[in-house]
Amino acid sequence: MIFLMSFDHSKIEPKWQKYWEKEKLYRAEDFAKNPKQYILIEFPYPSGERLHVGHGRSYCCLDTVARLRRMQGNNVLFPIGWDAFGLPAENYAIKTGIHPSITTKENIANAKKQAQSWGLSFDWEREINTTDPDYYKWTQWIFLQLYKKGLAYRAEIPVNWCPKDKINLADEEVIAGRCERCGTPVTRRTQSQWMLKITAYADRLIDDLESVNYREDIKAQQINWIGRSEGAIIKFEILNPKSETNSKRLEIRKEAVEDRYLRRAEAKFEIPVFTTRADTLYGATFLVLSPEMGRNYLEKLPSEKRKEVEDYILKSLSKSELQRQEELKEKTGVFTGVYAQHPLTGEKLPVWVADFVLSGYGTGAIMAVPAHDQKDFEFARKYDLPRKEVIKNEKESKFPNEAFERGGTLINSAQFDGLQSKDAIDKITQFLVQKKSAEKTVDYKLRDWVFSRQHYWGEPIPIVYCRNCWEEKSEKQKKEAREGYEFSKIDGKEYAVVPVSEADLPVKLPYVENYKPTETGASPLAGIKKWVETPCPICNSQSIRETDTMPNWAGSSWYYLRYPDPKNDKKFADPDKLKYWMPVDWYNGGMEHTTLHLLYSRFWYKVLSDLGLVPTREPYARRTSHGVVLGPDGQKMSKSRGNVVNPDEVVAEFGADTFRMYEAFMGPFDQTIAWDPKGVLGVRRFLDKVWKSHQEIIGNKQPATSNELQRRLHRLIKKVEEDALNLKFNTAVAEMMKFINEVSSSEYRVAREDWKLFLKVLAPYAPHLAEELWHGLGEGESIHRQSWPQYDPKMIVEEKVTIVVQVDGKMRGKLELPAGTREVSVTELAADLDSVKPHFYGKKVAKTIFIPDNLINFVTN
RNA sequence: GGGCGGGUGGCGAAAUGGUAGACGCGCAGCCUUUAGGAGGCUGUGGGGAAACCCGUGGAGGUUCAAAUCCUCUCCCGCCCACCA
């Protein structure tokens, strides 16, 4: 008898991988008749670190799903590509001088080799790469559509600036207020940037979540991030003896949210304030402006105060993000010398400037209600400002020791006394609206998307600036352009903004010598005169290119739309193909992409949807997230800790099937779990047992499987199928282990035909071994082309059941009975059990609870 | 401060109203004379000789029956955060 302990994965795995490739087993076919299934994993960034075991979690488990779906008769699209623009390649280029395109190419080749060694069933014919001009042509094209819809605009906004490296930093490059590269505290300065108006889609991004199947916490995080809050803008008139005769009135900005970054010095006679708590209006005792807002009012201030206020503003604006965070506890501010009038009581309220008020939220000014807002309370205490209680709650009273922030009954609020907070918010707002001193509004925490990067390794923004086109405009046109976004000021001169014509796309990224951004904060592209100077698409006179590039979120915002038609050079994708494949049926990725990537890509999709270019309202029908894989020590994996698990080593030692199955088995899919090298071994032992059982089955030629084992097999089919679709890969694997344990224990034997069913169940998880054993049974066609076994519902039902016998809810005995035994018989048999009888002594049975085939409970009194 | 998860053996975890601890790791004993992640069998929540008792962070509650549902409370993790 041949008795092999183990199989040689290093031989069988590459063999079958080659076979699958040759047979084109995993090719997705456009317009096939069988139901489509689009399964998507977040495409990786091809870094020098290669793919890690965290990628493995997502790819291996979803690959299992893809394989299961194929066996179930679906036409599966399971693609992969490379999100290859980004900082690491650029930083590496700065250090070594090696061009990013070279390192990127190498990294992709390596990562691809890895992914292939895991036996993933990607359709490699659809591989995409965001740095390929044939791809980013369409990223630029979509940008132009956004521009034409008025969703891309330029604005002066504060950016992070590293004073040592003299470069602008993206938020993600700022770590704890310091520059990621050199550790210098980051300061802020303003610069003109391209922005995308994602806030215009804020409501739809919330509302449409109802139509998709995302895990609840993912939805909650998105809603929270968008941070919609309903409230009112209330205006407070400035009391200024010199200008009170001036009847000039300014309308409240209707779209305060959209114009947040463009707010100019126009609200000079009134201070608009955003609040969600109009019920506390009578408790407002002073107003506070953010430093940015305060600057707009400087000229209104009494001259003796002006210097002091200006100094405070300049000081707080120059503060680094780090300083601001450190100074959180201690609030500072300065009185402006100006008063505003309370819209209902007419009281004189002092106006302060303080940097605890944010310029980026609401109107950049607040009404302070110290009795009912903790921040205001602390500020009022420090500067000895009045506090007035206007909300009372019988159960709690925190005031005057601290602010009482919850709702209650109104007091000291004139005709509104006695109302409940919720009611009062409506009534007071309504009253103010009638008086024209307030407007209802909605505000969001979400801000427009800063789309410019002063870096080299990204998609060039396809815009040029033309001096000639500007000069040809009439004064009226110029004025209009200055108010909108159709112009730009470069080195003090004004230019017209001109989009590159679609026929001239892609705007290719040129080679540069020096990847470092310039000292002025411009991108490295600004140094290439030959590239920067270009004929204007409209007037053909010499104009200059935009030298900023797109953030690396750009290419990933639409990549899943390219897989259905990756080689199209006429459109970003053929509408019919999109209609066939979209939406993505199942999208899995990391929780860290919930707020940025997921939101950005939904936003782009909605824009394309409004243009009629995509077939649905939402891109992803289902979204799940996998948990983080920690190092064996339970800590986050990092080079410096030395706890990084290298998947290549695991695959080399134990094989891809072991690696894949361990990724599935290690724990609940959505949970953070530490990698356990011993656990890997356990999975390998299981596969060895499968191998061994297989040899025995071939050797023994068992004619029929025991009834018991056959039932287990059918239950296994059902469980593995259901578990995989419910993200319970760990219990699916456990069930297979249980089955094999029983097969290998001597009582049971399995017939060939039933063993084949088991191999099919195993195939999505351990595709190489299953294929090897399948062919070992003399089968000629791939196991991955077989259909998923149908379980027999009759076999699922138990023949014999264990009925638990309880007395007063405590387990006292068990009965093995045929399924369907009636209550009368069960009662009789149960009451007669030796282990049960003693518990009746001195008691009477008052009630019997009977759950068929499961449990009987005697309740005594 | 806000949002979202989570707390069950020595460890990763099963069980979402009905036998708590499936499956895996680890550990212990035995077997096969077995040399380098070896294999097989048996055992493995705690206490007890046993009957039995105790046991899912803690306290209460609902129920014939609670890890699971409700109320309060403690602890841990992740994300966001001076957001009006």
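Of the listed nucleotides (B:G18, B:A13, B:C25), B:C25 has the atom at the smallest distance from the side chain of A:Lys678. Minimum atom distance to the side chain of A:Asn857 is reached by B:C64, of the listed B:G24, B:C64, B:G37. In the set B:G3, B:G24, B:A13, the nucleotide with an atom closest to the side chain of A:Asn730 is B:A13. The A:Ala220 side chain lies nearest to B:G3 when the options are B:C25, B:A22, B:G3. Closest to the side chain of A:Val859, from the set B:C23, B:U19, B:C64, is B:C64. Picking from B:A84, B:A22, B:G3 the nucleotide with the shortest atom distance to the side chain of A:Asn224 gives B:G3.
B:G9 and B:A67 have their C1' atoms separated by 14 Å, with the value rounded to a whole Å. B:U44 and B:A20 have their C1' atoms separated by 16 Å, with the value rounded to a whole Å. Rounded to a whole angstrom, the distance from the P atom of B:C54 to that of B:A59 is 14 Å. To the nearest whole angstrom, the two P atoms, one in B:G40 and one in B:C78, are 40 Å apart.
A close approach under 4.0 Å does occur between a side-chain nitrogen or oxygen of A:Arg685 and OP1 or OP2 of B:G39. Using a 4.0 Å cut-off, some side-chain N or O of A:Lys728 falls inside it from OP1 or OP2 of B:A15. Note on A:Arg812: a side-chain N or O is less than 4.0 Å away from OP1 or OP2 of B:C53. Applying the 4.0 Å criterion to OP1 and OP2 of B:C64, one finds that A:Lys847 has a side-chain N or O inside that range. Regarding contacts with the backbone of B:A14, every side-chain N or O of A:Lys719 stays at 4.0 angstrom or more from both OP1 and OP2.
Within a heavy-atom distance below 4.0 Å of RNA chain B, the residues of residues 662-671 of chain A found are A:Phe665, A:Met666, A:Pro668, A:Gln671.
In this structure, A:Phe286 has its ring center at least 6.0 angstrom away from the ring center of A:Tyr383.
With sequence neighbours excluded, the residues forming a side-chain hydrogen bond (donor to acceptor under 3.5 Å, both in side chains) with A:Arg684 are A:Ser6, A:His9, A:Asp688, listed by chain and number.
For B:G47, the base adopts the anti conformation, since its glycosidic angle falls more than 90 degrees from zero.
Residue pairs satisfying the salt bridge (charged side-chain N to carboxylate O under 4.0 Å, His left out) criterion with at least one member in residues 623-634 of chain A, sequence neighbours excluded, are listed as follows: A:Glu42-A:Arg623.
The existence of a salt bridge linking A:Arg712 and A:Glu708 is confirmed by a sub-4.0 Å separation between a basic side-chain nitrogen and an acidic carboxylate oxygen.
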